[in-house]
**Q** 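One structure is given below, represented as structure tokens, and several questions about it will come after.
A quick note: this is a predicted structure, and the numbers were derived from the prediction, not measured.
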Amino acid sequence: MSDIRDMLVEQVSRLLADRSDPATLRAAEADTWPEALWSEAEALGLPLALVPEEQGGVGLGWGDAAALWQVMGRHAAPIPLGESMAAAALLAAAGIAPPTGFIALGLPGEAVAWGRRATHLALAPGGEISLHAPTDWQQGRGLIAREPADQPVLGTALAEGRLPAAYGPDAALLAGALLNAARIAGALEAVLDMTVDYANTRKQFGRPIGGFQAVQQLLARCAGEVAAAGVAVANAGRAADRRGLAGAEFEIAAAKIVAGEAGGTGAEIVHQVHAAIGFTDEHPLHLYTRRIWSWRDGAGPERLWARRIGDAALARGGAHLWADLTSRDEEPAA
């Protein structure tokens with residue numbers, strides 16, 4: 001799928017470069033749905049990109065999805081496209097034809113981004129999945145990202161099914177964790193580029209602040225965090241393709257932890273270099289860093305995934321720990 005992936009990554013990059021500018025992000029925070037952006041994403045077939053071709057989709061894998069989600073994070077895409085892609089993929093895996101439009105993905109204890117605009121909602125607890133057309137939404141707003149975040153009022157399920165064993169009982173949570181880790185990795189790339197450009201143009205004591213060793217060290221440290229997050233996300237996507245979401249829980253958990261910690265460190269550094277201007281309403285930096293902070297908590301914060309890794313290691317026993325850490329890529333595909 002590398003050729004199709006490369007083509008879609010290029011198309012999504014162009015689309016978001018044109019449609020996901022700071023004005024659009026600010027409008028989204030004021031409850032303005034980016035209709036033009038969503039319509040163009042649908043025209044490209046992106047909501048069904050993870051659905052098999054025989055079911056009307058593109059047939060991308062989770063690794064392809066992670067690459068696309070990273071691009072979305074790089075542009076802080078103000079539409080819940082990643083959630084809709086994951087929801088459609090899970091429905092299709094259970095033999096349920098994904099409906100057209102925005103399909104929201106429900107996660108335990110979390111509000112649904114732009115739920116009020118969703119035509120359908122997918123819920124996937126315990127290996128089961130159901131499709132709903134919510135009768136209403138209790139409207140709210142994200143505390144950090146400030147975009148609409150709503151709770152559904154559910155009616156009778158329109159369809160129900162069971163996910164394949166490879167998806168496991170926490171498929172929606174795992175897909176959400178991979179999505180948020182990828183978006184963090186992409187957004188970190190954007191804020192690093194923004195900060196390098198600022199450091200090369202902002203002058204102090206007669207020369208650009210990027211010429212000072214202390215600033216260079218901060219930027220180098222941020223670049224390391226960006227690289228670590230990107231590698232962890234790519235590894236998690238490959239593992240999900242090889243062993244399914246359930247079999248890749250360790251890699252997805254690691255990606256969520258690495259990306260989350262990188263997001264915290266990276267956001268701290270870029271704001272330190274920008275100083276007070278990065279927090280002003282007029283500057284775009286906080287439009288990205290606030291979303292990074294929000295995505296850190298989405299689909300479980302680092303402590304949840306660290307606990308799951310620790311519990312799994314304890315259950316397996318110390319004799320398996322080294323092999324679990326070093327030999328996972330040698331396991332056969334699911």
Side-chain angles (χ1 to χ4, degrees), residues 1-12 15 38-72 77 79-107 118-133 157-179 182 233-234 236-249 251-252 331-334:
M1 281 295 170
S2 59
D3 291 341
I4 297 177
R5 177 202 292 193
D6 293 344
M7 179 187 69
L8 284 177
V9 164
E10 182 180 352
Q11 289 180 327
V12 171
L15 171 63
W38 179 264
S39 296
E40 291 191 45
E42 280 193 309
L44 291 173
L46 293 174
L48 300 180
L50 298 181
V51 174
E53 293 182 61
E54 58 270 20
Q55 293 176 270
V58 180
L60 297 185
W62 294 107
D64 302 319
L68 287 173
W69 293 339
Q70 200 163 333
V71 173
M72 295 175 198
I79 53 174
L81 179 57
E83 291 89 339
S84 195
M85 290 170 62
L90 298 182
L91 288 168
I96 300 173
T100 58
F102 163 32
I103 311 170
L105 180 64
L107 296 179
T119 57
H120 295 85
L121 171 70
L123 300 175
E128 306 284 340
I129 189 166
S130 57
L131 179 66
H132 300 262
L158 302 176
E160 296 178 317
R162 184 160 189 84
L163 290 164
Y167 285 75
D170 297 315
L173 186 64
L174 289 165
L178 180 58
L179 165 63
V233 167
R238 287 193 300 269
D241 285 336
R242 286 177 58 81
R243 297 190 296 273
L245 287 174
E249 179 171 336
E251 287 84 359
I252 293 174
E331 296 177 16

**Q** Do Thr119 and Pro99 touch side chain to side chain, with heavy atoms closer than 4.5 Å?
**A** no
**Q** Rounded at 0.5 Å granularity, tell me how far CG in Leu44 sits from CE in Met7.
**A** 9.0 Å
**Q** Ignoring hydrogens, what is the shortest heavy-atom contact between Ala172 and Ala124? Give both atom names and the distance.
**A** CB-CB, 4.0 Å
**Q** Any side-chain heavy atom of Ile79 within less than 4.5 Å of one from Leu46?
**A** no
**Q** Provide the closest heavy-atom pair for Leu158 versus His132 in the form atom of the first, atom of the second, distance.
**A**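 Of all heavy-atom pairs spanning Leu158 and His132, the closest is CD1-C, 4.2 Å.
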**Q** With a 4.5 Å cut-off on side-chain heavy atoms, are Leu50 and Trp62 touching?
**A**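 Trp62 reaches Leu50 side chain to side chain.
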**Q** Distance check, rounded to the nearest 0.5 Å: Leu178 atom CG versus Leu173 atom CG?
**A**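 Leu178 atom CG to Leu173 atom CG measures 11.5 Å (nearest 0.5 Å).
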**Q** Between the main-chain N or O of Gly61 and the side-chain N or O of Asp64, is there a donor-acceptor pair closer than 3.5 Å?
**A** yes
**Q** CD of Glu160 to CD1 of Ile129: how many Å apart, nearest 0.5 Å?
**A**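 One gets 11.0 Å once the value is rounded to the nearest 0.5 Å.
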**Q** I'd like to check Trp69 versus Leu81 (side-chain heavy atoms, cut-off strictly below 4.5 Å). Are they in contact?
**A**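 SC-SC contact between Trp69 and Leu81 ruled out.
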**Q** Just verifying a value: how many Å separate Leu60 CG and Leu48 CG, rounded to the nearest 0.5 Å?
**A**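 Rounded to the nearest 0.5 Å, the CG-CG separation comes out at 11.0 Å.
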**Q** Rounded to the nearest 0.5 Å, what separation is found between the CG atom of Asp170 and the CD atom of Glu249?
**A** 6.5 Å
**Q** Over all heavy atoms of both residues, which pair between Ala86 and Leu105 is shortest? Give the atoms and the distance, please.
**A**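 Shortest heavy-atom separation between Ala86 and Leu105 comes out as CB-CD2, 4.0 Å.
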**Q** Quick check: closest heavy atoms across Pro98 and Ile103, and the distance to 0.1 Å?
**A** CB-CD1, 4.0 Å
**Q** Could you report the tightest heavy-atom contact between Ala177 and Ile252, atom names first, then the distance?
**A**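 Closest approach of Ala177 to Ile252, heavy atoms only: CB-CG2, 3.8 Å.
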**Q** Distance check, rounded to the nearest 0.5 Å: Met85 atom CE versus Leu179 atom CG?
**A** 9.0 Å
**Q** Could you tell me whether the side chain of Gln55 and the main chain of Ala92 form a donor-acceptor pair under 3.5 Å?
**A** yes
**Q** Testing the basics here: between Gly106 and Leu123, what is the closest heavy-atom pair and its distance to 0.1 Å?
**A** CA-CD2, 3.7 Å
